[in-house]
**Student:** 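The following block contains the structure, expressed as structure tokens.
In what follows, every heavy atom counts, from backbone to side chain, and hydrogens, waters and symmetry copies are set aside. Keep in mind it's a predicted model, so treat the numbers as computed, not measured. Chain A is the first sequence line, chain B the second, and so forth, proteins listed ahead of strands; every chain is numbered from 1.
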There are 2 protein chains.
Amino acid sequence: MTNVIDESGILAISTRLQRLSDQLRKDGLLIYKANGIEFEPKWFPVVYTLHLKPVLSVVEIAGEIGYSHPSTISLLKELEKQKLIRSKKDKTDERKRLIQLTEKGKALINDMQPVWNKMIIALTALTDTKNNLMKAIEEVEQQMKSFSFFERAQQL
Amino acid sequence: MTNVIDESGILAISTRLQRLSDQLRKDGLLIYKANGIEFEPKWFPVVYTLHLKPVLSVVEIAGEIGYSHPSTISLLKELEKQKLIRSKKDKTDERKRLIQLTEKGKALINDMQPVWNKMIIALTALTDTKNNLMKAIEEVEQQMKSFSFFERAQQL
DNA sequence: TTTATTTATGTAATTAACTACGTAGTTTTG
DNA sequence: CAAAACTACGTAGTTAATTACATAAATAAA
């Protein structure tokens, strides 16, 4: 811990969060690879969403994963190239593209289950410290919902 | 809380961290603006580092803030364009560029102090919940140092 | 039933980080 | 002390997200 940012305290919290996120994502990729799974961590939100809700439009997926719709479209393009998802027009609303997992996609999820389980165990061990990271995130999001960082700072 | 990602638990922790980081950074920008300060949150690590250690080379700054040196160079270019920093060649080592704050940079830091204080208060209030976010981050980084996410998952 | 508004999707340009590579000094080694 | 290895910096290209804009279909309103 010799560096300034680690010592600059809470002002650098955004940087710290991002760094932690990146590290976890990088390790995630390594874990999939080491287990012979061809899957990128950034695909997880879309694939997991379609696993739980099998047929959704582009905007619905974007809403579920909390990304903008253009970001979602580009993820969907990658997943389509991998043949993990496919899409069809909604017959009752011609604007909508309905997305679903392909058989290959469903099979991959099946193969990934044991890896996801390992990840859950490892992440739980990693974050189950005196101050639980997942709970801390949830608590802060809750706090922000009632009163954002901006509002709090302006009120002073 | 209707969306899937918020409910998918710890597997989506990297996405959650990133989202929180983005939100805080966006609000940070708004706070600077609302206080009449022309400053971008992404400059904070470099500027704060130079505030504490007044003369550093490019690679030293990169090390302090935990970024790659090309990322650091591009931040330095922006700060130089804003005339907040300047650089000179190290006479004992011709490869090195030594960076320092300009008078304008130092004055800006002075003007920002009250804003930083507001931010510290707001962030502290926001994150001082049952599970303290800053402490949680530090604890997880400590955990990862002895035994990474990848290592933990592979060992199972 | 036109017209206006909203919604769904898509494209283009931008941003903020990265890795990979190249070059020029500096240091180490045979 | 010449060659090899290392270090510092810079550029180019990539990535994963964004915002802004455009278009077409559906819905609401005049």
**Student:** Take the protein atom CG of B:D90 and the nucleotide atom P of D:dT7, then report the distance between them rounded to whole Å.
**Tutor:** 17 Å
**Student:** Rounded to whole angstrom units, what separation is found between the CZ atom of A:R25 and the C1' atom of C:dA17?
**Tutor:**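 Taking CZ of A:R25 and C1' of C:dA17, I get 13 Å after rounding.
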**Student:** Without decimals, in angstroms, what is the distance between A:Y67 OH and D:dA16 C1'?
**Tutor:** 8 Å
**Student:** Rounding to a whole Å, what distance do you find between B:K26:NZ and C:dT15:P?
**Tutor:** 14 Å
**Student:** Please tell me which of A:S74 and A:E94 maps to the more 5' nucleotide of DNA chain D, matching each residue to the nucleotide holding its nearest heavy atom.
**Tutor:** A:S74
**Student:** What I want to find out is whether A:E80 reaches A:R97 closely enough, with some N-O distance under 4.0 Å, to be called a salt bridge.
**Tutor:**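 Looking at A:E80 and A:R97, the cut-off is met.
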**Student:** Name the residue closer to the 5' end of DNA chain D, choosing between A:E40 and A:T92 according to the nucleotide with the nearest heavy atom.
**Tutor:** A:E40
**Student:** Rounded to whole Å, please give me the gap between CG in B:L17 and C1' in D:dA16.
**Tutor:**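 Interatomic distance, CG of B:L17 to C1' of D:dA16: 16 Å.
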**Student:** Does this structure show an ion pair linking A:K33 with A:E38, if we count only N-O contacts that are shorter than 4.0 Å?
**Tutor:**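 Between A:E38 and A:K33 there is no salt bridge, as every charged N stays at least 4.0 Å from the carboxylate O atoms.
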**Student:** Which pairs count as side chain to side chain donor-acceptor pair (under 3.5 Å) when at least one residue sits in residues 117-128 of chain B, sequence neighbours excluded?
**Tutor:**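 Qualifying pairs, neighbours excluded: B:N35-B:K118.
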**Student:** Taking protein heavy atoms under 4.0 Å as touching, what does nucleotides 7-14 of chain C look like 5' to 3' if B marks base contact, S marks sugar-phosphate-only contact and - marks none?
**Tutor:** BSBBB---
**Student:** Under 4.5 Å between any side-chain heavy atoms of B:I65 and B:Y48, yes or no?
**Tutor:**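 The answer is no; the side chains never approach within 4.5 Å.
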**Student:** Between D:dA8 atom P and B:I99 atom CD1, what is the distance in whole Å?
**Tutor:** 14 Å
**Student:** Please report, rounded to the nearest Å, how far the P atom of D:dA17 is from the CD atom of A:Q18.
**Tutor:** 12 Å
**Student:** Among side-chain atoms of A:Y32 and A:W116, is any donor-acceptor pair under 3.5 angstrom?
**Tutor:**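 Yes, A:W116 and A:Y32 have a side-chain donor paired with an acceptor closer than 3.5 Å.
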**Student:** Cluster partners of B:I121, using ILVMFWY side-chain heavy atoms under 4.5 angstrom, listed by chain and number?
**Tutor:**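 Its cluster partners, ordered by chain and number, are A:L156.
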**Student:** In this structure, how many angstroms lie between the P atom of D:dA16 and the CG atom of A:L29, rounded?
**Tutor:** 9 Å
